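What you see is a predicted model, and the numbers here were worked out from it, not measured in a lab.
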Amino acid sequence: MPMADKKSESASSDGARPWQSYHTVFTNAKAGMEGVDKEKVQRVVYEMSKGSKYFENEERKEAFIRQKIERMRARSAKLTAGHLSQYQTVADKRILELEATRDLSKVWLHVDMDAFYAAVETLCDSSLKGRPMAVGGMSMISTANYEARRFGVRAAMPGFIARKLCPELIFVPVDFEKYTYYSDLTRKVFQTYDPNFIASSLDEAYLDITEVCKERGVSGGEVAEELRNAVFGETGLTCSAGVAANCLLAKVCSDINKPNGQFVLPNDRLAVMTFISSLPIRKIGGIGKVTERILTDVFGISTCEEMLRKGGYLCSLFSRSTADFFLSVGLGLGETDPPQMRLRKSISNERTFPATDSEALLYQKLDELAELLSSDMQKEGLHGRTLTLKLKTSSFEVRTRALTLQKYISSRDDIYNYASKLLKAELPISLRLIGLRVSQFKDDKMGSPSDPTQKTLLSFMVADASGNFVRGQSSLGSETSNNLFMNDFGDDISVETREMIDSERDDPLNRNDSSDPEQRCTLIEFAGKTEGMHGHINGSIVEKVDALIEKSDPKSSQLKKSNGRESDTSLPHETEISSCLNQKDNNDYLLQGETSSRQEEQILWMNDYECSLCGIELPSSFVEERQEHADFHLAERLQKEESGMDSRTLIARERSPLKQTGSGNKHKKRKSSPSDGHLPIDVFFRKINQKP
DNA sequence: GCGGATCAC
DNA sequence: TATGGTGATCCGC
């Protein structure tokens, strides 16, 4: 290991303990890993990896991330107080608009099978019971049972490192058919509760149990217990469940009392806010290792609540959609409707092999892949016009090379011939992986932008099956999606990498006691009455949001609980409007943000130089000036609103009018959360372990 | 349209 | 000895 520079010793922990700065995906707290000596695991992983090509590549990637963080820090530091306060105003306004979309009328259940592959293997071979076991091989583990997790062994970990951590570890090869069989059994059960359930993988599904709860007069928690019992009866496998008002929260909840447990988050706004406020951001689907680091290192954000507190920074430094996503997370919002059908957009295959620079060998690999891909495409009747070649060099650097054709292709020969041209341009090269992907399919439905596209534009956030918002951002670019055509593959490889170096960052969800007085206060608050007690949460962001709501409209205590019901104001123009906007990367929040909610006052640069609001002329090259000008109009408008204009009718709506049920919400809410207001704190965080 | 990144499972 | 495969999306070019 190279000597760590002395000056960095205080800033980072290199030097004495180099493994602490090696950020991997599996040195993290997770269900079944409570008693693990994380320091030791991290050290072993580091020692086993050190010096390898893989490790060197990880170090390169790490350096890039550091740069990214530094750049963002610099931008953050450069913000003037004036800018900040303006963006804070924008953020507050956005929070209000997002709050208005809150829908507490649905009951979502997320089911997650416990260590699925491993559990199935144990079911089929009882001699494995009670012994540490992993499904996978020496190079990669798909999942590990709980006995193995106690040693720090987990999904996505190379087998040879796992064996080092746990020499007794039993390896069982993956048997895809077996898992599919048992998955089908579980799905038969899911179907009886929600015929339209959404399977996001072999072992996970989302169910809308709103109707079941209503018709049978039972709580979401009761349905969850019943369903888990039924799954066990049908398969002999245990699962965990989460019940909440939206998919995003339900998913978080299903992880809390895993394995073989469940957690219900009442459909109550204060309950949601309290729950989300102390939640580590890494628990949220869509926030991965890198995003977490950026948010914590640059903004000091580690819990969802801080997303709202730092709203001004987020809105000024991230794209509008990313900032919206972050603010939504802070509010505990998520998708409440079943996602619309989504068509597959690409098909691909890739293979890893012993690194080689033999051209004959490389072309042979390419040929095999072309054959495979063509066969897969024929099975699905797909023809595409964009071909992408993926390469991973022997030093783990990944490259892609793409080619878009006039014609649609699907035959083995076409794929191979075009792919060969792409590969040829890269020679000579030493590779350990080749992949092929075809996209831009015929019949892409692109001909009818009317419905899907428009809806996407109208809603300021779009969510996929898991309730993860589709969003985008320059340096983050993170997003997630569970396609409806799920790839039933590497299932259990749930990544979680919360670095637990800072001891104060305990996970409140995984412990039974709470030593932090402020947190306890919050929790007690949660356990107590859920209405009319806002004032007792000291410094809570709930207060702040409520204050915002009150300020925006004194009558809105009702509004914030019901759904926006006003009919849309002329939104269909948005497409053209957006395209006329002066979009300057990170600043587009201000401009776009306003146009999507306010049609009548956008700042448009007509003919690309004249402000539509005041007529002032500014050529497009005057980027900064334009920004300031836009800010000026924004501030002007916000002031107007402050002084009493009704902003409520201007609130943007995201949901389609179809499922607006309007008045019934409160009743549904009560019904689905009988424990409202009477949830003792110990119950709130107690593991509900029931052996079916 | 391309290439690099990030994320989920 | 040895660190996966499939699909999606976003951003800056």
Side-chain angles (χ1 to χ4, degrees), chain A residues 24-26 45 48-49 52-55 57-58 61 64-65 68 112 116-117 136-143 155-164 174 199-204 251 282 284-294 318-319 321-322 342-355 373 376 385-386 388-392 396-405 422 432-433 435-437 439-440 462 464-466 468-497 583 585-586 588:
Chain A
T24 62
V25 188
F26 21 71
V45 171
M48 298 293 288
S49 302
S52 67
K53 303 263 183 175
Y54 174 84
F55 182 84
N57 188 249
E58 289 299 299
K61 281 165 39 182
F64 268 110
I65 294 173
K68 199 185 285 186
D112 193 340
F116 186 53
Y117 291 7
M138 263 326 136
S139 58
M140 188 55 62
I141 286 177
S142 284
T143 189
M157 179 179 279
F160 67 94
I161 294 181
R163 197 176 50 184
K164 185 83 172 181
V174 286
S200 50
S201 67
L202 277 185
D203 75 327
E204 277 187 37
K251 169 116 174 93
R282 189 64 172 78
I284 301 293
I287 297 182
K289 188 180 75 163
V290 175
T291 308
E292 182 197 31
R293 280 196 59 194
I294 290 173
F318 291 107
S319 75
S321 60
T322 302
R342 274 190 217 182
L343 297 173
R344 173 210 275 285
K345 290 192 170 61
S346 73
I347 185 167
S348 68
N349 53 28
E350 64 189 56
R351 288 289 175 274
T352 296
F353 44 83
L373 185 56
D376 287 350
R385 51 188 283 262
T386 296
T388 305
L389 173 71
K390 176 178 173 180
L391 309 172
K392 193 187 284 179
F396 287 85
E397 179 203 347
V398 176
R399 296 181 200 167
T400 59
R401 296 291 178 261
L403 173 67
T404 298
L405 308 160
L422 293 172
R432 70 188 321 277
L433 172 145
L436 285 175
R437 177 167 75 248
S439 51
Q440 298 253 47
V462 180
D464 69 358
S466 70
N468 298 322
F469 298 89
V470 174
R471 66 187 187 286
Q473 198 281 322
S474 65
S475 49
L476 291 176
S478 56
E479 73 83 39
T480 158
S481 85
N482 292 338
N483 42 334
L484 287 178
F485 310 80
M486 11 140 260
N487 59 58
D488 278 336
F489 221 166
D491 237 60
D492 233 36
I493 306 189
S494 64
V495 233
E496 16 198 56
T497 308
Q583 299 186 20
D585 56 58
N586 60 312
D588 63 357

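One can place CZ of A:Arg437 at 13 Å from C1' of B:dG1, the figure rounded to the nearest angstrom. Atom-to-atom, NZ of A:Lys345 to P of C:dG7 comes out at 13 Å; the value is rounded to the nearest Å.
Ranking B:dT6, B:dG3, C:dC11 by closeness to the A:Thr291 side chain, first place goes to B:dT6. Side-chain proximity of A:Ser319 to the nucleotides C:dC11, B:dC9, B:dT6 is greatest for C:dC11. Each of C:dC11, B:dC9, C:dG5 was ranked by its minimum atom distance to the side chain of A:Lys251; first place goes to B:dC9. Nearest to the side-chain atoms of A:Ile347 among the listed nucleotides B:dC9, C:dG7, C:dG4 stands C:dG7. Set against C:dT6, B:dG1, C:dA2, the side chain of A:Arg163 has C:dA2 as its closest nucleotide. The listed nucleotides are C:dT6, B:dC9, C:dA2; the one nearest the side chain of A:Asp203 is B:dC9. For A:Ser346, whose side chain is taken as the heavy atoms from C-beta onward, the closest listed nucleotide among B:dC7, C:dA2, C:dG7 is C:dG7. Side-chain proximity of A:Thr404 to C:dG4, B:dC2, C:dG5: nearest is B:dC2. Closest to the side chain of A:Met140, out of C:dG4, C:dT9, C:dG5, is C:dG4. Ranking B:dC7, C:dG5, C:dA2 by closeness to the A:Val290 side chain, first place goes to B:dC7.
For A:Ser348, a side-chain nitrogen or oxygen approaches OP1 or OP2 of C:dG7 to under 4.0 Å. Not one side-chain nitrogen or oxygen of A:Arg401 sits closer than 4.0 Å to the OP1 or OP2 atom of B:dC2. For B:dG4, the OP1/OP2 oxygens have a side-chain nitrogen or oxygen of A:Thr400 closer than 4.0 Å. Close to C:dT6, at under 4.0 Å from its OP1 or OP2, lies a side-chain N or O of A:Arg351.
Annotation: side chain of A:Tyr117 is not in contact with side chain of A:Asp203 (no heavy-atom distance under 4.5 Å). Counting only heavy atoms from C-beta outward, the side chains of A:Thr388 and A:Leu436 never approach each other to under 4.5 Å. Side-chain contact between A:Leu433 and A:Lys390 is present, with at least one heavy-atom pair separated by less than 4.5 Å.
Salt-bridge formation is not detected for the pair A:Glu350/A:Lys392: no Lys NZ or Arg NE/NH1/NH2 atom is positioned less than 4.0 Å from an Asp or Glu carboxylate oxygen.
A donor atom on one side chain and an acceptor atom on the other are not found under 3.5 Å apart for A:Ser49 and A:Ser52.
Using a 4.0 Å heavy-atom criterion, one finds that A:Arg385 contacts the sugar-phosphate atoms exclusively. Within 4.0 Å (heavy atoms only), A:Ser52 reaches at least one base atom of the nucleic acid.
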